[in-house]
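Comments concern the structure below.
Heavy-atom basis, side chains included; hydrogens, waters and symmetry copies ignored. A quick note: this is a predicted structure, and the numbers were derived from the prediction, not measured.
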Amino acid sequence: MTDPRIDALLIGAIDLHCHSGPSVMPRSLNHVQAIHEAEAAGLRAILFKDHYYSVTPVAELLKETMKPKIELLTGVPLNNTSGGLNPYAVEHGFKLGARLVWMPTFSAANHIRHSHRRQFLPTKEKMLPPTALSVVDAKGALLDEVKVILDQIADYDAILSAGHLHISEIWPLFAEAKKRGVKRLMVNHPTFLIDCNAADMKELAAMGAYLEHSCCMWAGVQGKHYTLESLDVVIKAGGVDSTIIGSDLGQVGNPSPVDGFRHVIGMCIELGYSDDDIRKMISLNAARLVGLDEPRQVRSAAAE
């Protein structure tokens, strides 16, 4: 049984964290199935994320062949399989239509440190062990190759996601990004792996970053560890205007992306958030971050 209020709120929602397949990680649905589910629920857009490859070429093919009723968005993950902190991968992604760059996720040194007892992001088959990546050197200074990538992101007015970097790495990254003209900043699941506290989230929001909280934390197999009150805490830390809710779903054993949205929207209703506030967190803030209602412009003619 569905809830009419939740159904109405889902219309126009945007999922910036859809983990559909194919993938070397176990997935419960593929990109085509994710599109059909999103269309049926009335979503406006979904952004495909795979830690091992950029879904951009696949999404462009799906746009040509399926003519979907929703926007298909993609990004470039800067992990070992993309060459790490690789400006060539970024350029290729942008030329094909990618809208976002993730700093290292499974290859991030911070992610690897967190995985010493439990393997986060397990794959279906054994893969080569990742080479740890950081955006800073031993003295904490931002690497030169990262600065090149920040310039590319600024030129294409794209989104910079902090990936799975530690909050201590995010501060110099975002400070330099803003100096170089990057306007769209996002921190994925700031309290999971990233180690943000409430004060960090407040400061990130004050500098213009959006904080994306994952439905999978409350709706998935980990839900027993995350309470209703914990959702309220993270929303209030950054504020409704800086909060984005993304599904971060598609894994085997978890709800589908849309069902995850339904669950967390229901939690927001239970917490007393208004429909207007919920729409900001599941739709309007994401649209503003991506620039869906703005004409896309490349700042540098040289980039073409």
Side-chain angles (χ1 to χ4, degrees), residues 13-39 43-108 111 121-124 127 130 149 152-153 156 158-164 184 186 188-189 212 214-216 244 246-252 254 256-258 260-261 286-287 289-292 296:
I14 296 171
D15 184 5
L16 295 185
H17 209 138
C18 179
H19 278 308
S20 45
S23 177
V24 295
M25 302 173 69
R27 298 301 186 217
S28 63
L29 76 173
N30 62 37
H31 303 318
V32 173
Q33 291 168 320
I35 292 169
H36 287 321
E37 183 194 50
E39 287 178 329
L43 269 64
R44 179 180 180 184
I46 53 177
L47 191 150
F48 296 121
K49 179 179 183 181
D50 194 277
H51 296 283
Y52 284 81
Y53 71 102
S54 173
V55 186
T56 306
V58 179
E60 292 304 306
L61 177 63
L62 293 173
K63 289 177 190 178
E64 292 176 12
T65 56
M66 289 183 66
K67 311 293 184 187
K69 294 179 286 187
I70 63 171
E71 296 261 8
L72 305 184
L73 308 171
T74 59
V76 181
L78 297 181
N79 288 310
N80 301 151
T81 46
S82 300
L85 300 167
N86 181 4
Y88 295 98
V90 173
E91 178 190 48
H92 177 256
F94 284 159
K95 296 292 188 186
L96 278 177
R99 304 289 282 269
L100 179 151
V101 171
W102 292 280
M103 286 294 135
T105 58
F106 80 85
S107 302
H111 179 106
L121 310 183
T123 53
K124 292 180 283 189
M127 307 287 287
I149 292 168
Q152 292 174 300
I153 293 170
Y156 279 85
I159 301 167
L160 167 62
S161 163
H164 291 183
R184 307 180 194 272
M186 178 169 65
N188 303 111
H189 44 69
E212 186 204 56
S214 298
C215 292
C216 72
I244 290 172
S247 77
D248 199 352
L249 286 167
Q251 307 90 347
V252 169
N254 269 339
S256 71
V258 168
F261 262 102
L289 174 63
V290 178
L292 284 183
R296 290 201 70 197

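With hydrogens and angles ignored, the 3.5 Å screen pairs no side-chain donor or acceptor of Asp248 with any backbone N or O of His17. Within the 3.5 Å criterion, the main-chain N or O of Tyr52 finds a donor-acceptor partner in the side chain of Thr81. In this structure a side-chain-to-backbone donor-acceptor pair under 3.5 Å is present from Glu37 to Val258.
No hydrogens or angles considered: nothing links the side chains of Ser214 and Asn188 as a donor-acceptor pair under 3.5 Å.
Scanning both residues, Tyr53 and Pro22, for their nearest heavy atoms gives OH-O, 2.7 Å. The minimum heavy-atom distance between Tyr88 and Asn86, with the atom names listed, is N-OD1, 3.0 Å. When all heavy atoms of Gly260 and Leu249 are compared, the closest pair comes out as CA-CD1, 3.5 Å. For Pro68 against Ile35, the heavy-atom pair with the smallest separation is CB-CG2, 4.0 Å. Here the closest non-hydrogen pair linking Ala89 and Val76 is O-CG1, 3.9 Å. Of all the heavy atoms in Leu73 and Ala45, the pair that sits closest is CD1-CB, 4.1 Å.
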- Which is it for Ile14 and Leu292 under the side chain to side chain contact (heavy atoms under 4.5 Å, CB included) test, yes or no, and what are the steps along the way? CA-CA 10 Å; Ile14 296 171; Leu292 284 183; 3.6 Å; yes

- Query: Do Leu160 and Met103 pass the side chain to side chain contact (heavy atoms under 4.5 Å, CB included) test, and can you show the C-alpha distance, the side-chain angles, and the key distance before you say yes or no?
  - Reply: CA-CA 8 Å; Leu160 167 62; Met103 286 294 135; 3.7 Å; yes

- Message: For Lys49 and Val55: C-alpha separation, side-chain torsions, deciding distance, then whether side chain to side chain contact (heavy atoms under 4.5 Å, CB included) applies.
- Response: CA-CA 7 Å; Lys49 179 179 183 181; Val55 186; over 6 Å; no

- Item | side chain to side chain contact (heavy atoms under 4.5 Å, CB included) between Met25 and Met127, worked out | CA-CA 10 Å; Met25 302 173 69; Met127 307 287 287; over 6 Å; no

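Within the 4.5 Å cutoff, the side chain of Pro104 has no heavy atoms near those of the His111 side chain. Within the 4.5 Å cutoff, the side chain of Asn254 has no heavy atoms near those of the Ser28 side chain.
To the nearest 0.5 angstrom, Gln33 atom CD is 13.5 Å from Arg27 atom CZ. Interatomic distance, Leu61 CG to Lys63 NZ, rounded to the nearest 0.5 Å: 11.5 Å. Rounding to the nearest 0.5 angstrom, the gap separating the CD atom in Glu39 from the NZ atom in Lys69 is 5.0 Å. Distance CG/Asn30 to CG/Leu62: 9.0 Å, rounded to 0.5 Å. Atom CE in Met186 sits 5.5 Å away from atom CG in Leu16 (nearest 0.5 Å). Taken from OG in Ser107 to CG in Asn80, the straight-line distance is 3.0 Å, to the nearest 0.5 Å.
Paired with Thr74 under the rule side-chain contact (heavy atoms from CB on, under 4.5 Å), one option of Leu47, Thr56, Asp50 passes, and it is Thr56.
Using bins of under 30°, 30° to 60° and over 60° for the plane-to-plane angle, the ring pair Phe106/His51 lands in the perpendicular bin.
When the side chain to side chain contact (heavy atoms under 4.5 Å, CB included) test is applied to Ala34, the partners found at least two apart in sequence or on another chain are Cys18, Ser20, Leu29, Ile46, Phe48.
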